[in-house]
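Only this structure's heavy atoms are used, side chains among them; waters, hydrogens and symmetry mates stay out.
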Amino acid sequence: MQVLPNGAKWIPGFLTREAQENLVETVREIVKSAPLFVPKMPKTGKEMSVRMTNCGSLGWVTDKENGYRYQTTHPVNGAPWPDIPNSILRIWTEISAYPHDPEACLINFYNQNAKMGLHQDRDEDDFEAPVVSISLGDSCLFRVGETTRTGRTTSFKLQSGDAVILTGKSRLAFHGVEKIYPDTSTLLKNGGRINLTLRRVTKPSNLTSI
Ligand code: MD3
Ligand code: FE
């Protein structure tokens, strides 16, 4: 485990190859009932290059009219998101050290040309809970900054099977995916990168934690 600036924790090789293969199969099952959709930027409606879907009680979506938000249903087919599979919940329990289940598992798919600009994750009500990220497939160059857009940034390469846990100050650090390194993994038949981002969205009620 390596500690990055602002306290983010990086676990290179967290998942074995076999666990990665099983997780890809699990993601394929989720995508069958919740197909990837094309996220659009708020106000401009410009398409993002990443394709997305979710599982969990709340899924992260974005479109021109209503912007970034969490909702209980798929933006295209209107169906409730599939549950977060137990194998994914176990990853959260093992590495988050947080006593409540995640509500959202955002699944991002990057083709070889996709990227994600520098941003903060601030659409959640609960910033106390960590964010857990799992990378599968091609490697990427990931950039992490500070809690202001103009802060210094550090870039590092995330590989298939790596986990990152964002706690403390890193929870609100600016971050983005600068580029995908094509053909750096044999995990996905047609290449590209999958990232799973597990998040708590709502503040847990005290009544459920006693
Ligand atoms: C912050 N996804 O969906 S996961 C997102 O690879 C998003 O698809 C990225 O940012 C992706 O909002 C990254 C979250 C993550 C990972 C490592 C970080 C955020 C980080 C390290 C420091 C600060
Ligand atoms: Fe993010």
Side-chain angles (χ1 to χ4, degrees), residues 1-4 6-34 36 50-60 70 72 80-110 116 121 123-140 142 144 156-168 170-173 175 177 180 184-188 192-204 208-209:
M1 201 262 288
Q2 295 189 46
V3 181
L4 303 170
N6 296 310
K9 291 173 191 155
W10 178 24
I11 313 178
F14 172 70
L15 294 177
T16 63
R17 172 75 188 205
E18 189 186 2
Q20 294 171 44
E21 286 168 1
N22 292 337
L23 190 49
V24 170
E25 222 21 72
T26 300
V27 169
R28 290 194 202 288
E29 287 303 314
I30 293 166
V31 170
K32 279 183 199 168
S33 59
L36 293 170
V50 177
R51 299 296 176 253
M52 295 181 171
T53 191
N54 292 268
C55 55
S57 55
L58 292 168
W60 190 87
Y70 283 92
T72 57
W81 303 106
D83 288 341
I84 303 179
N86 283 326
S87 57
I88 296 180
L89 291 176
R90 283 197 295 269
I91 294 175
W92 169 270
T93 304
E94 181 176 347
I95 63 184
S96 75
Y98 190 75
H100 304 276
D101 280 348
E103 294 162 297
C105 173
L106 173 64
I107 299 169
N108 290 328
F109 175 73
Y110 297 78
M116 188 178 285
D121 290 8
D123 303 318
E124 301 75 29
D125 291 329
D126 187 357
F127 294 147
E128 304 288 309
V131 173
V132 170
S133 152
I134 304 287
S135 295
L136 296 169
D138 285 336
S139 304
C140 75
F142 196 82
V144 183
F156 59 102
K157 206 175 195 173
L158 282 179
Q159 293 184 318
S160 193
D162 290 2
V164 180
I165 305 128
L166 310 166
T167 49
S170 66
R171 174 65 185 77
L172 287 169
H175 58 277
V177 174
I180 304 296
T184 47
S185 166
T186 56
L187 189 69
L188 305 176
R193 170 176 184 265
I194 294 171
N195 183 267
L196 304 184
T197 309
L198 295 165
R199 302 189 183 101
R200 182 81 208 177
V201 180
T202 65
K203 291 196 177 86
T208 58
S209 57

[X] to [Y] - nearest heavy-atom pair and separation:
{"X": "F14", "Y": "A163", "answer": "CB-CB, 3.8 Å"}
{"X": "N195", "Y": "S133", "answer": "ND2-OG, 2.9 Å"}
{"X": "C55", "Y": "P85", "answer": "SG-CD, 4.0 Å"}
{"X": "D126", "Y": "R200", "answer": "OD2-CG, 3.4 Å"}

Inset, instruction - Check each of N6, V164, I165, V3 against S170 using the side chain to side chain contact (heavy atoms under 4.5 Å, CB included) test, and report the only one that passes. - result: N6
Legend entry - Residue pairs passing the salt bridge (charged side-chain N to carboxylate O under 4.0 Å, His left out) test where at least one lies in residues 82-93, sequence neighbours excluded: none
Would you confirm whether [X], through its side chain, and [Y], through its main-chain N or O, come within 3.5 Å as a donor-acceptor pair?
{"X": "S139", "Y": "Q159", "value": "no"}
{"X": "E103", "Y": "L58", "value": "no"}
{"X": "N108", "Y": "M52", "value": "no"}

Inset, instruction - Classify the angle between the aromatic ring planes of Y98 and W92 as parallel (below 30°), tilted (30 to 60°) or perpendicular (above 60°). - result: perpendicular
Legend entry - Over 12 foreign heavy atoms within 6.0 Å of CD, E128: no
Inset, instruction - Kindly compute the distance separating CG (D101) from CG (N86), expressed to the nearest 0.5 Å. - result: 9.0 Å
Legend entry - Straight-line distance of L198 CG to L166 CG, nearest 0.5 Å: 11.0 Å
Legend entry - Sub-4.5 Å side-chain heavy-atom contact between T72 and P80: no
